[in-house]
Amino acid sequence: MRIAAVSDLHVNYARHAEGLERLLAALPGLRADVLVVAGDFASGPFEEHYARWLPRLAAFAGPRLAVPGNHDLWQLRGPTGARHRAVCAHLREHGWHCLDEEPFRWRGVTLAGNVGWYDYSFYPA
């Protein structure tokens, strides 16, 4: 299995726009079986950041897999767990497979992922 992997897209930062455009232009011609984004699509509202870029990442014709990163999950208010579930639901709505929720099996190969980050809510105050 050929895996195209990238992380830290941070689509909500203007300084990343040029690199993102190059990545998007390369997606249709990638000689990979699956695309993995290993964290940090963006922070902030889905409608503002994710919805603008996720459809464009669909230029990759194969399965698209994701593991949310700390920037995807961090927020000023509310529990990280709720944000995690919302991020994965939003990704699913756009045709992505969230590796945190379940492994991905394809042609005899299984890929699994785990965020491995938390919001320090257990840290003593």
Next on the checklist: The test is side chain to side chain contact (heavy atoms under 4.5 Å, CB included); show your working for Arg107 and Met1 and say whether it passes.
Outcome noted: CA-CA 8 Å; Arg107 297 184 180 171; Met1 172 188 289; 5.7 Å; no
Checklist entry - Would Leu111 and His97 count as a side chain to side chain contact (heavy atoms under 4.5 Å, CB included) if you check the C-alpha gap in whole Å, the side-chain angles of each, and the deciding distance to 0.1 Å? => result CA-CA 11 Å; Leu111 298 174; His97 180 97; over 6 Å; no
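- Under the side-chain contact (heavy atoms from CB on, under 4.5 Å) rule, Ile3 has a single partner from Val36, Val109, Leu65, which is Val36.
- Between the side chain of Asn70 and the backbone N or O of Asp40 there is no donor-acceptor pair closer than 3.5 Å.
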Next on the checklist: With side chain to side chain contact (heavy atoms under 4.5 Å, CB included) as the criterion, how do Leu54 and His90 come out once you've worked through the C-alpha distance, each side chain's angles and the decisive distance to 0.1 Å?
Outcome noted: CA-CA 10 Å; Leu54 287 178; His90 192 77; 3.8 Å; yes
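- Contact between Gly95 and Arg64 at its shortest, heavy atoms only, is O-NH2, 3.6 Å.
- To the nearest 0.5 angstrom, Leu35 atom CG is 7.5 Å from Leu23 atom CG.
- Using a distance-only test at 3.5 Å, with no hydrogens or angles considered, a donor-acceptor pair links the side chain of Asp33 to the main chain of Arg2.
- Minimum heavy-atom separation, Ala4 to Leu30: CB-CD1, 3.9 Å.
- Between the Asp72 side chain and the Phe41 main chain, a donor and an acceptor come within less than 3.5 Å of each other.
- Although no hydrogens or angles enter the test, the distance criterion places no donor-acceptor pair under 3.5 Å between the side chain of Asn12 and the main chain of Ala42.
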Next on the checklist: Show, in sequence, the C-alpha distance, side-chain angles and deciding distance for Val67 and Asn114, and conclude whether the side chain to side chain contact (heavy atoms under 4.5 Å, CB included) test is met.
Outcome noted: CA-CA 7 Å; Val67 177; Asn114 185 283; 5.9 Å; no
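- Between Val37 and Leu9, the shortest heavy-atom contact is CG1-CD1, 4.0 Å.
- How far CD of Glu93 is from SG of Cys88: 11.5 Å, rounded to the nearest 0.5 Å.
- Nearest heavy atom pair, residue Ala38 against residue Ser7, reads O-CB, 3.2 Å.
- Between Leu73 and Val87 the shortest heavy-atom distance is CD2-CG2, 4.3 Å.
- For the residue pair Ala112 and Leu99, the shortest heavy atom distance occurs at C-CB, 4.3 Å.
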